[in-house]
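Just so it is clear, the structure is predicted and the values come from calculations on it, not from any experiment. We name chains A, B, ... by the order of the sequence lines, and we start the count at 1 in each one.
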There are 2 protein chains.
Amino acid sequence: MSTEDSSEATELWLLWKRAHETVRSAVVADMTAASGLSEAELSVLVCLYESGGVLRQNAIAADLGWDRTRLSHQLTRMEKRDYVTRDKVANGVEVALRPEGRRTIEAAGPSLDASTRRHLLDRLGPDDAAALKAIVERLLSSDSSR
Amino acid sequence: MSTEDSSEATELWLLWKRAHETVRSAVVADMTAASGLSEAELSVLVCLYESGGVLRQNAIAADLGWDRTRLSHQLTRMEKRDYVTRDKVANGVEVALRPEGRRTIEAAGPSLDASTRRHLLDRLGPDDAAALKAIVERLLSSDSSR
DNA sequence: AGTCCTCTGTTGACATATCAACACCGCCCT
DNA sequence: AGGGCGGTGTTGATATGTCAACAGAGGACT
């Protein structure tokens with residue numbers, strides 16, 4: 001860095017982005033090696049799995065902070081891979097985890113834990129980890145667009 | 001959220017990703033409206049601009065945490081839009097900001113400041129902002145892959 | 001009934017990201 | 001010289017994300 005022209009807000013945003021990108025690429029590389037899942041597939045599968053295996057499409061989008069279009073395309077791809085099914089239901093679409101998807105996400109879980117611990121949790125001390133968690137939770141709860 | 005199966009590390013990572021995605025989509029929407037720049041173009045232009053307008057391709061990739069391929073494709077697109085030029089130089093390629101790129105990033109700066117302040121800085125208190133900054137800086141400085 | 005909303009999801013065109021393979025250059029080594 | 005080797009960048013195929021336009025269901029209003 002040299003001229004340092006950004007405002008405080010922009011500077012924080014750029015730093016945050018860079019840190020996020022760094023951790024993300026490391027974790028994604030691990031996950032691709034361990035399970036063959038892409039980041040997007042993993043996000044959707046985790047979301048479904050943690051909610052018991054069935055969710056409205058809309059709920060997934062809200063949960064991940066994705067837009068409708070992106071999720072729609074992603075689910076189309078995941079249907080082809082037998083990870084999920086879609087069923088029309090009153091005023092929406094219900095997405096359900098299929099056995100292949102469940103098997104895959106269950107197999108990927110431990111790798112994900114190890115990877116996130118190595119690239120994120122262990123690099124922060126316990127104090128920073130707790131602080132970061134509190135901060136992102138506050139950020140999410142103050143989000144007007146959800 | 002319901003069953004809560006993730007480890008502490010995975011849970012923190014998912015929360016962080018979601019918060020990042022939320023802020024990102026809001027900022028990107030603002031920037032697209034204000035300047036027509038995509039997130040990727042903005043990142044590269046900011047990086048170049050803050051370094052005085054000329055950087056080795058490799059340095060940009062390191063600075064942004066991107067991989068070579070991604071940056072190469074991105075620069076190809078940005079050359080077509082007259083934002084930057086590429087020149088072969090001893091052991092690498094030098095990327096330079098062109099007038100069109102400089103003009104665009106200078107015009108976008110204030111919008112970016114306003115947007116990041118609104119969607120990030122103002123949602124954190126001053127304390128949280130300082131804490132987040134310290135955390136990401138520590139994360140970045142402990143990164144072994146750079 | 002009809003019309004007008006809003007919410008939800010889809011589609012196709014296009015922008016962007018990723019992966020594997022390749023090309024080039026400078027350096028070290030013998 | 002000749003032969004590896006690591007660092008740097010490119011290319012094309014493919015996967016993924018974004019945008020604008022559309023489709024359909026249901027609710028509110030007259």
Report the distance from atom CG of A/L71 to atom P of D/dA15, rounded to the nearest whole Å. 19 Å
A/E41 CD to D/dT14 P, straight-line distance once rounded to whole Å: 17 Å
Would you mind reporting whether A/L71 and A/I60 have side-chain heavy atoms less than 4.5 Å apart? yes
Ignoring hydrogens and geometry beyond distance, is the side chain of B/H73 in donor-acceptor contact with the base of D/dT10 at under 3.5 Å? no
Under 4.0 Å, counting only non-hydrogen atoms across every strand here, what does B/Q74 touch: a base, just sugar-phosphate, or nothing? sugar-phosphate
Which whole-number value in Å describes the distance from B/D67 CG to D/dG7 P? 15 Å
The side chain of B/Q57 is closest to which nucleotide in this list: D/dT16, C/dT10, D/dT10? D/dT10
Closest to the 5' end of DNA chain D, once A/E39 and B/S72 are matched to their nearest nucleotides, is B/S72
Here the distance between atom P of C/dT8 and atom CH2 of A/W66, to the nearest Å, is 18 Å
Is there a side-chain contact between B/W13 and A/S115, using heavy atoms and a 4.5 Å cut-off? no
With nearest nucleotide decided by heavy atoms, which residue, A/E94 or A/E21, maps closer to the 5′ end of DNA chain C? A/E94
Using 30° and 60° as the class boundaries, would you call the ring planes of B/H20 and A/W16 parallel, tilted or perpendicular? perpendicular
Base, sugar-phosphate alone, or nothing: which one does B/R56 contact when heavy atoms must sit under 4.0 Å apart? sugar-phosphate
Whether A/R77 contacts D/dT16 is assessed here as follows: a side-chain N or O lying under 4.0 Å from the phosphate OP1 or OP2. Is that the case? yes
For A/T76, report the nucleic acid contact type (base, sugar-phosphate, nothing); a contact means any heavy atom under 4.0 Å. nothing
For atom NZ of A/K88 and atom C1' of C/dG9, their distance in whole Å: 8 Å
Checking contacts here: which listed nucleotide (D/dA20, C/dA20, C/dA15) is nearest the side-chain heavy atoms of B/T69? C/dA20
Within this structure, what is the CG-to-C1' distance between A/N58 and C/dC7, rounded to whole angstrom? 8 Å
Between D/dT18 (P) and A/L64 (CG): distance, integer Å: 13 Å
Protein-nucleotide distance (B/R68, atom CZ; C/dT18, atom P), rounded to Å: 14 Å
Can you figure out which of D/dG17, D/dT8, D/dT16 approaches the side chain of A/S38 most closely? D/dT16
Between B/K133 and A/E11, does any side-chain N to carboxylate O distance fall below 4.0 Å? yes
Check this one for me: any side-chain N or O of B/R86 less than 4.0 Å away from OP1 or OP2 of D/dT10? yes
All heavy atoms of A/L15 vs all of B/E137, minimum pair found to be CD1-OE2, 3.8 Å
Given C/dG9, is OP1 or OP2 found less than 4.0 Å from the side-chain N or O atoms of A/R70? no
